[in-house]
Structure formats: structure tokens, C-alpha cells
Participant: 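One structure, pasted below without further comment.
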Amino acid sequence: MQIRISNSDLDPYREIQQYQAAQTHLAGKYGATTVFIGSMREMNQDDAVVKMQLEHYQGMTEQYLQGIAQRAIDKWGLLDVLIVHRVGEITPDDPIVVVAVWSAHRAAAYEANRFLMEELKSHAPFWKKETLANKQTRWVEKNTPGYSS
Amino acid sequence: MQIRISNSDLDPYREIQQYQAAQTHLAGKYGATTVFIGSMREMNQDDAVVKMQLEHYQGMTEQYLQGIAQRAIDKWGLLDVLIVHRVGEITPDDPIVVVAVWSAHRAAAYEANRFLMEELKSHAPFWKKETLANKQTRWVEKNTPGYSS
Amino acid sequence: MYAQFFHDTIAKLKSMSIKVKFFARLREQFGVSELSLAADQTHTVLQVWQHSTQQPTLGLNILTAVNMQYVAADYPVKDGDEVAFFPPVTGG
Amino acid sequence: MYAQFFHDTIAKLKSMSIKVKFFARLREQFGVSELSLAADQTHTVLQVWQHSTQQPTLGLNILTAVNMQYVAADYPVKDGDEVAFFPPVTGG
């Protein structure tokens, strides 16, 4: 398991490849890998957003993410979990978060990945401050729903 | 949308990166990317498997996958879908399938990805023939369940 | 007139048979991946199966497609169609 | 005996205060990201909030943590604890 907070540009696919290559225990064991990548959109709530500042509570964030990763591993018998989250200043199209799950079978990989993202979005102490095209700044204080009705 | 059947080694993360980089319409529009990668395991039904032959019904496979990709795009308003499936001879740890979905929000990306994999597994005309460690060969004729109970 | 006659004849020749395909275990079992049947012998997918395999019944787990679309065993087959038989699929 | 005395004294000095943290909008609103409170003034998270912000009530959407674990406003705070206040989280 790896939890990482990155203050610089993320290359999500390379993160996963490099992590996986180093986990020799995985070879031949995993039948399913699920990945979620969250990226910055150029529009939010109908406004053009030019940049975003991502803040986090250092220490609590890592501890929280480790806790949910361990819960997911235990609950679904996962083989491995990688979570990388960006902080600092980003611009549209930049990746914000990567969650990757390795499992023997796909049901666990799908369910665990979604669980991790919902927990992360609901409880991990990160905050986003947007700068709009008109130079105004605002704190984002709600997320889009994780489950469609 | 791209549907591709590959007769040679797959590098799933590079497939996604290259495809995404070429889709300029995506930039700044997608908030969520979900990826499923199916890989060959070294064990199946308690037997050690040394290699596997993947066969498909050329033409029908592509047509079927295009159909489900279009259904998913329409149903969830997806921005893009990539499906790459391996055929030919593979060995444990080799990737078999990559499904990537780009969407504005995560609920659609998760649900559509899982829908695509369940449809692919249930109906896309691919077949697997395993060669066991003891040299015996056998056709795989059932899949593991896609939804855990 | 003459051109029309040739056009019709070629179209007829091209479509005077049904292409039958077997995949995976069935291909191995029957020792053939593809064969042609005269179109006049067959009216449904089941009949294509019977004529091409000499087996009276179609196993319940055998899947059937006409022109690359899944169909049921009583689906009507016409000149030029491609009919495929295969075991449960196991991709992904 | 002497060593024990020093040990206790150092432990006491190290933990004679409560560390209070504010994040995001709250950090901007109060103009401070971190401050220390004397431990004897405070018994619950709500009291830490009252003493450090001079506001009587804690907004319903404000989240509270002690030692990096989410807790409720009536959670007891002790010497050396780190208490954090922050708005709804929006990661991912």
C-alpha cells in the first residue's frame, strides 16, 4: 500500500506503472486493476475556472487515507492499493487524484475503488480554492454526488 | 471512441495515455477517468496456468464492443470510451483487456466502466484456452461473477 | 437489359449459400472453422446447425449469431447470411 | 527520584498547551493557521473554539478533529492535544 501527497505535477499512469513494477508480490496474482483519476475541469458550477489551490491537513490526510486503504484491503481482500493526491496550485486538465486497486477479481476491484473515492471525497481533509476567469476566488464547499440516482 | 483488438503485447497505461493525448476535445472537460485492466493470473480454478490462447470472432467482436460503447456514451453522457482487448497467446501477468471511460463526473465514469466490463464479459465473442502446468489444455467456459453478493 | 441480367446473376451466385462458422471448442469438436451450406436446405438457425453438424439438437449453452448479431435458434436464415455457433464467451 | 522529577517537569512543560489549527476558509477568516491555548481554560472542543475564535457557537458545517481524528464538539480535550477546525472537505 502506498499513500502519497504530491506537491508537484502528477503523471497518473506513470505513478501506477512505477508502483506496480516495484510490487513483485503482485505478479501473476491480480486479475483486476481499477483506476480512478480525478482531473481539474475548466468549468465548475457554470463558471470558467483558470486555476485552483489545493490545501490539505498534513498528517491527518495521510493517516485518514491509510485508514481507508487498510479498511478496503481487509474488507475486499485486495492485493494492493495506491492513492496519490495532488496539493498546491494546479490548472485545468491537471490530475488531482489517482486511486488504483489490485485484486484477484473484478467485483472487489470496482467496489473497493469506488468506496475509496467516496470516503476520500467525503472525509479526507483537502480543500479547493478556485480562481475564476474574472479573477475572483472562492472556496469550493461541496462535491458532486458520488452515486447517481 | 476507439475499439481495438490487439494481436500483440499490450501496454495498457500507454494505450490510455496515447489515446487521451490525441483526443483534444477532452482537455479540461473530463473530471473523472475510470480504468479497468484485466490481467492473466497464474492460477485459475486452483490450477497453475502457464499460458492462454485468446480467440475471437473477428468482425462481430468489434461490432459488439462498438455497440456497448455507444450505449454507454448515450446513457451516461460520457465524453469518450476506449476498449482494447488482446487476442493470441499470452502468459501470466499479461494484460487482457483495458476499458477506459472519460466523463465530467465520477458516478457516470464508475457505472459506465462497470457496465462495459459486464457486457464485454457476458456477450463479447472471445474465448480462452488454457494450458496448465501439466501440459493439459482446457477451454474456459465460465467467468467469475461481476457483482459480489 | 444485358447488364441487368449479369448483375442479377452475380448477385445470385454470391448469395446462393450460407456461411457457417464454428468457434473455440465447437471448432475443435467439428474440426472445421467455416463451411458453406446451400441456402435452399435451410430455413432457421437450428436447421443450419442440423445440416452442418449432423446433430439433431443444439446444446442449451451454445450461442448463435446471424450476421454477427445474437439470435435465437428459430431465427430465419436467408441467402448470403453468415451463421455462427460458439460456446459461452469468456473474454475480459 | 531526581531524574523522575525532571522527566515529569519536561513532560508537563511540553504538554501545558493545546495546539489549535484552522484550515481553508476558516484560516482566512481568522487570519491564523495555528495558535496555542493554555490547557486549563478548555475542557471540550467547543470550548477550544470559543476561546480561540471568541465566537459562541460552532457552525453546523464546521468539522472538528482532535489529534487528527474526527470528533464531535463535546469531545474532551487534554493537555498536548492538537485540535483542528475546518470547513467541508473537497478533495478528489
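First the proteins, then the strands, lettered A, B, ... as listed; each starts at 1.
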Participant: Going by the rule salt bridge (charged side-chain N to carboxylate O under 4.0 Å, His left out), which residues pair with Asp47(A) if we only count those two or more places apart in sequence or in a different chain?
Facilitator: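 Once residues adjacent in sequence are excluded, the partners of Asp47(A) under the salt bridge (charged side-chain N to carboxylate O under 4.0 Å, His left out) criterion are Arg138(A).
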Participant: Hey, could you give me the CD/NZ distance between Glu42(B) and Lys29(A), rounded to the nearest 0.5 Å?
Facilitator: 3.5 Å
Participant: So, do Glu111(B) and Arg114(A) sit near enough that their side-chain heavy atoms are less than 4.5 Å apart?
Facilitator: yes
Participant: Counting only non-hydrogen atoms closer than 4.5 Å, does Ala104(B) touch chain A with its backbone (N, CA, C, O), its side chain (CB onward), both, or neither?
Facilitator: both
Participant: Only pairs under 3.5 Å count here: list side-chain donor-acceptor contacts from residues 33-40 of chain A, not counting sequence neighbours, and write none if there are none.
Facilitator:
| from | atom 1 | to | atom 2 | distance (Å) |
| --- | --- | --- | --- | --- |
| Thr34(A) | OG1 | Ala109(A) | O | 2.7 |
| Thr34(A) | OG1 | Asn113(A) | ND2 | 3.3 |

Participant: When only heavy atoms count and the cut-off is under 4.5 Å, which of residues 49-59 of chain A reach chain B?
Facilitator: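 Those residues of residues 49-59 of chain A which would need a heavy atom under 4.5 Å from chain B do not exist here.
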Participant: So do the side chains of Arg14(B) and Tyr13(A) get within less than 4.5 Å of each other, counting heavy atoms only?
Facilitator: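 The answer is no, as the side chains (C-beta and beyond) never meet within the 4.5 Å cut-off.
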Participant: Picking from Val99(B), Asp94(B), Ile16(B), Val101(B), which has the most non-hydrogen pairs under 4.5 angstrom with chain A?
Facilitator: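 Counting heavy-atom pairs under 4.5 Å, the top option is Ile16(B).
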Participant: Among all residues two or more places apart in sequence or in another chain, which pass the salt bridge (charged side-chain N to carboxylate O under 4.0 Å, His left out) test with Glu15(A)?
Facilitator: Arg4(A)
Participant: Give the member of Pro12(A), Ala27(A), Pro92(A), Ala100(A) that has the highest number of heavy-atom pairs under 4.5 Å with chain B.
Facilitator: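 Ranked by contacts with chain B, first place is Ala27(A).
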